[in-house]
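Protein chains get the first letters and strands the later ones, always in sequence-line order, with residue 1 at the start of each.
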Number of protein chains: 2
Amino acid sequence: MHWHEHDVSSKGVRERRFDIVRSGRTVPSLLWTPAGAGGPRPLVLVGHGAAQTKSEAYVVALARTLVRHHAMAAVAIDGPVHGDRRPGGHIDGSLVMLEFGQRWADDPGLTDDMIRDWQAVLHAVQGLDEVGAGPVGYWGLSMGTILGVPLVVAEPAISVAVLGLWGLTGPTSARLAGDAAAVACPVLFLVQWDDALCPRQRSFELFDALGTGDKRLHANPGAHSAVPPQEFLATAQFLADHLVPAEHPTTAEAASA
Amino acid sequence: MHWHEHDVSSKGVRERRFDIVRSGRTVPSLLWTPAGAGGPRPLVLVGHGAAQTKSEAYVVALARTLVRHHAMAAVAIDGPVHGDRRPGGHIDGSLVMLEFGQRWADDPGLTDDMIRDWQAVLHAVQGLDEVGAGPVGYWGLSMGTILGVPLVVAEPAISVAVLGLWGLTGPTSARLAGDAAAVACPVLFLVQWDDALCPRQRSFELFDALGTGDKRLHANPGAHSAVPPQEFLATAQFLADHLVPAEHPTTAEAASA
């Protein structure tokens with residue numbers, strides 16, 4: 001891990017910037033942990049959407065919620081051709097979207113490279129005393145689902161996932177369908193009802209294809225990017241329910257009424 | 001209100017049986033309130049599904065959750081041709097289902113009579129010191145949605161609703177579509193992914209038709225009747241978030257991360 005100078009703490013959350021270098025690839029990463037606390041603790045891998053970066057406002061807000069309210073750790077990395085993977089750093093999102101589309105169509109290694117990037121980052125972060133080898137969750141919408149479904153299947157440490165805002169469409173849809181069938185962990189799947197980038201019917205097909213019986217779908221009105229704040233909080237609570245022992249809900253709560 | 005002898009308290013929840021008589025109709029009702037506590041407090045009207053009754057296990061469990069965990073009151077009434085509306089009381093569900101189907105097809109007053117029944121019960125219950133004129137929510141799935149959507153539109157006191165497990169189908173689908181468009185309050189809408197009684201596409205159409213912008217859809221795998229216990233708890237929390245002042249969530253929680 002090559003640590004950058006960026007190391008800031010606010011309201012009990014420490015945010016650090018590091019790189020992992022593997023096979024000549026540099027994987028730019030951001031880590032959030034409780035300030036001044038040791039491990040082990042649950043860890044959530046956060047995959048951002050296309051044309052965005054690891055330091056997108058909603059990524060940071062989600063990571064801080066996971067740390068502050070649920071005492072977990074969180075790590076985000078830049079996607080392919082995104083953010084600090086670019087020689088000059090993050091640029092205009094429309095151009096990144098265009099380049100990602102080209103890479104996605106042309107390069108069959110795109111998904112597998114991202115899986116190996118994530119696994120290298122996971123290994124490194126769990127080697128830190130303040131994280132350790134706790135349970136692991138994955139959170140990724142849109143491009144974070146395109147690249148995340150294969151990751152969830154490939155990485156056995158991942159035991160719960162938040163996915164959505166994408167469906168069985170695009171250059172990798174056949175792989176996505178196959179990997180979806182192999183997903184065996186609990187999943188919360190988000191759909192935006194009026195999504196023009198990925199029509200809801202395509203997303204329903206991906207939800208349908210998920211092999212796990214422990215899945216649920218939450219849909220909200222609005223466009224692709226209009227996931228409401230309450231739904232973000234619900235995803236954090238869902239991950240905590242599965243990763244933090246003290247927050248495990250039981251059906252006994254219902255039965256005890 | 002004609003009170004029956006049935007008046008039992010358990011774990012802080014008092015359950016009482018009463019009838020309302022209006023225009024020659026008797027409306028059999030069950031009321032749940034916190035034992036020994038005064039009002040006013042929020043009230044939830046609970047509409048059961050076809051072939052069931054006001055004392056169905058899940059209705060009682062939900063009502064008790066609303067009272068015990070959220071300090072609300074709850075009231076349920078038997079649906080048309082259901083439960084204690086029958087001269088001999090509740091009988092085999094299949095026969096009730098058949099009779100309800102006939103009445104639903106034949107009698108245009110079925111829905112309006114139920115609206116007036118609910119309004120009479122609401123008025124009576126809010127006249128009790130231990131309930132009072134607090135905010136009101138509606139909870140009803142399947143037949144509870146068929147009859148509930150028109151009620152939510154007709155009764156201005158209702159400010160939040162849990163609906164679902166039905167769609168734009170059946171003898172009253174045209175009215176349902178029209179009333180859905182007039183729903184203006186927050187709605188949580190449930191869908192069972194493998195629902196054979198009401199295929200999910202029909203339910204999606206009803207969700208789509210809801211006029212309120214403040215709506216969300218939760219879908220779970222399984223058959224019509226297989227709503228998971230956690231989802232029942234989520235519906236209770238949703239109602240509490242909107243009806244109990246102390247439980248109002250704020251987007252500031254997310255922003256404060």
Problem - Ring geometry between B/F207 and A/W193 (parallel below 30°, tilted from 30 to 60°, perpendicular above 60°) - result: perpendicular

Fill in the blank from the handout: Answer key: most heavy-atom pairs under 4.5 Å with chain B among A/H218, A/E231, A/R216 is A/H218

Exercise for the section: Measure the spacing between CD of A/Q201 and CD of B/Q201 and express it to the nearest 0.5 Å. Expected result: 6.0 Å

Handout entry: Closest heavy-atom pair and its distance - A/K215, B/N220
Key = O-OD1, 4.1 Å

Exercise for the section: Measure up the A/F204 and B/F204 rings against each other and bin them: parallel (under 30°), tilted (30 to 60°), perpendicular (over 60°). Expected result: parallel

Handout entry: Nearest heavy atoms of A/G213 and B/P221, plus distance in Å
Key = O-CG, 3.6 Å

Problem - Test item: B/L217 and A/R200 side chains (from C-beta on) under 4.5 Å apart, heavy atoms - result: no

Practice task
Measure A/D214 against the heavy atoms of chain B and call it side chain, backbone, both or neither at under 4.5 Å.
Solution key: neither

